[in-house]
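Quick caveat: nothing in here was measured; it's all calculated off a predicted structure.
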Amino acid sequence: MTKPIQTVLITGASGYIGSRLVHGLLRKGYRVRCISRDPQKLWVPKGVEVFHADLLASPSLDEALKGVDAAYYLVHSMEKPRKIKGSFVERDRLAAQNFSDGAARAGVGRIIYLGALGQKKDKLSDHLRSRIEVGEILQRGPVPVTIFQAAIIIGAGGASFQMLEALVD
């Protein structure tokens with residue numbers, strides 16, 4: 001019996017990890033779907049479905065999450081505020097809750113979240129504390145969550161690489 005093709009949704013597909021994950025999943029035979037606030041700026045290979053959605057606007061996620069077997073959550077709100085005011089911590093909370101709720105409504109089978117190293121009891125920056133909190137918010141929902149923790153991932157073109165390069169320069 002042939003295993004059905006699974007549909008995988010990736011948030012953060014324009015980032016260093018997300019863009020590479022898209023290619024890796026396609027090579028493995030998965031149906032890949034991405035969401036973006038600005039789909040015209042998202043470059044993905046042929047065959048990838050792209051949906052216009054915003055994690056800060058819950059209803060916009062519903063169509064993109066329909067029929068998804070697993071969803072990768074690879075985003076964080078470090079950029080300057082847009083329509084939604086408040087700190088990046090508040091935007092991270094809202095985005096995680098919206099995604100968790102949308103995944104539950106759509107019947108997503110699993111969320112895979114890339115967080116950061118550390119524990120709540122540690123003395124952490126707001127950034128690292130927010131990444132841990134996002135994982136906790138996702139885990140409170142009914143969809144099973146797998147959390148990977150990474151200290152820093154550096155690769156050409158990635159935000160961490162660019163920050164390190166600027167520091168060295």
*Asks:* Which pair of non-hydrogen atoms, one from Asp92 and one from Ser130, has the smallest distance, and what is that distance?
*Replies:*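 Closest pair (atom of Asp92, atom of Ser130, distance): OD2-OG, 2.6 Å.
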*Asks:* Could you report the tightest heavy-atom contact between Ala13 and Leu42, atom names first, then the distance?
*Replies:*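 Reported closest heavy-atom pair: C-CD1, 4.0 Å.
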*Asks:* Which heavy atom of Cys34 sits nearest a heavy atom of Val48, and at what distance?
*Replies:*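 Closest approach of Cys34 to Val48, heavy atoms only: SG-CG1, 3.7 Å.
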*Asks:* With rounding to the nearest 0.5 Å, note down the distance linking CG in Leu138 to OG1 in Thr146.
*Replies:*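 Going from the CG atom of Leu138 to the OG1 atom of Thr146 covers 11.0 Å.
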*Asks:* State yes or no: do Ile17 and Phe148 share one hydrophobic cluster built from I, L, V, M, F, W and Y residues joined by side-chain heavy-atom distances below 4.5 Å, directly or via other members?
*Replies:*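 In one cluster: yes.
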*Asks:* Would the distance check show the side chain of Arg33 and the main-chain N or O of Val68 forming a donor-acceptor pair, the cut-off being under 3.5 Å?
*Replies:*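 Such a contact is absent between Arg33 side chain and Val68 backbone.
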*Asks:* Tell me which pairs pass ring pair (Phe, Tyr, Trp, His ring centres under 6.0 Å) where either residue lies in residues 92-122, with sequence neighbours left out.
*Replies:*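 For residues 92-122: Tyr73-Phe99, Tyr73-Tyr113, His76-Tyr113.
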*Asks:* Any side-chain to backbone donor/acceptor pair from Ser100 onto Ala96? Under 3.5 Å, distance only.
*Replies:*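 Side chain of Ser100 to backbone of Ala96, a donor-acceptor pair under 3.5 Å: no, none is there.
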*Asks:* What ring pair (Phe, Tyr, Trp, His ring centres under 6.0 Å) pairs are there with at least one residue in residues 32-70, not counting sequence neighbours?
*Replies:*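 Every candidate ring pair (Phe, Tyr, Trp, His ring centres under 6.0 Å) pair involving residues 32-70 fails, so no pair, neighbours aside, qualifies.
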*Asks:* Examine distances only and state if a side-chain atom of Asp69 and a backbone atom of Thr7 form a donor-acceptor pair shorter than 3.5 Å.
*Replies:*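 Between the backbone of Thr7 and the side chain of Asp69 there is a qualifying donor-acceptor contact (under 3.5 Å).
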*Asks:* Considering residues at least two apart in sequence or located in another chain, which fulfil the salt bridge (charged side-chain N to carboxylate O under 4.0 Å, His left out) criterion with Arg129?
*Replies:*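 Applying salt bridge (charged side-chain N to carboxylate O under 4.0 Å, His left out) to Arg129 gives Asp126.
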*Asks:* Would you check if the side chain of Gln97 reaches a backbone N or O of Leu94 as a donor-acceptor pair within less than 3.5 Å?
*Replies:*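 Flag not set: sc Gln97 to bb Leu94 has no pair under 3.5 Å.
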*Asks:* Who passes salt bridge (charged side-chain N to carboxylate O under 4.0 Å, His left out) against Asp38, sequence neighbours left out?
*Replies:*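 Scan of Asp38 (salt bridge (charged side-chain N to carboxylate O under 4.0 Å, His left out), adjacent residues dropped) gives Lys41.
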*Asks:* Using modelled atom types and a 3.5 Å cut-off, is there a donor and acceptor pairing between side-chain atoms of Gln149 and backbone atoms of Ala116?
*Replies:*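 It does hold such a pair.
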*Asks:* Check the pair Gln6, Arg31 against side chain to side chain contact (heavy atoms under 4.5 Å, CB included), reporting the backbone distance first and the verdict last.
*Replies:* CA-CA 6 Å; Gln6 290 188 320; Arg31 181 178 296 123; over 6 Å; no
*Asks:* Applying salt bridge (Lys or Arg N to Asp or Glu O under 4.0 Å), which residue pairs with at least one partner in residues 99-113 are found, sequence neighbours left out?
*Replies:*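 Output for this query lists Asp62-Arg105.
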*Asks:* Hey, what do you get for CG (Leu56) to CD (Glu90), rounding to the nearest 0.5 Å?
*Replies:*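 Atom-to-atom, Leu56:CG and Glu90:CD are 11.5 Å apart.
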*Asks:* If you look at every heavy atom in Gly18 and Leu74, which pair is closest and at what distance?
*Replies:*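 Nearest pair, atom of Gly18 first, then Leu74: CA-CD1, 3.7 Å.
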*Asks:* Compare all side-chain heavy atoms of Thr11 with those of Leu9 and state whether any distance is below 4.5 angstrom.
*Replies:*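 They are in side-chain contact.
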*Asks:* Which pair of non-hydrogen atoms, one from Leu55 and one from Asn98, has the smallest distance, and what is that distance?
*Replies:*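 Smallest heavy-atom distance, with atoms named: O-ND2, 2.8 Å.
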*Asks:* Report whether Ile137 and Leu65 are members of the same hydrophobic cluster (ILVMFWY, side-chain heavy atoms less than 4.5 Å apart, transitive linking).
*Replies:*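 Shared cluster, no.
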*Asks:* Checking Ala53 now: which residues fulfil side chain to side chain contact (heavy atoms under 4.5 Å, CB included) with it, not counting sequence neighbours?
*Replies:*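 Testing Ala53 for side chain to side chain contact (heavy atoms under 4.5 Å, CB included), a comparison that skips the adjacent residues, returns Ile35, Ser60, Leu61.
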*Asks:* Which pair of non-hydrogen atoms, one from Leu26 and one from Pro45, has the smallest distance, and what is that distance?
*Replies:*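 Scanning both residues completely, I find the closest heavy atoms to be CD1-CG, 3.8 Å.
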*Asks:* Is Val32 close to Leu25 at the side-chain level, that is, under 4.5 Å between some pair of heavy atoms?
*Replies:*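 Yes, side chains in contact.
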*Asks:* Can you confirm whether Ile132 sits close enough to Leu128 that some side-chain heavy atom of one is under 4.5 Å from a side-chain heavy atom of the other?
*Replies:*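 No, every pair of side-chain atoms sits at 4.5 Å or beyond.
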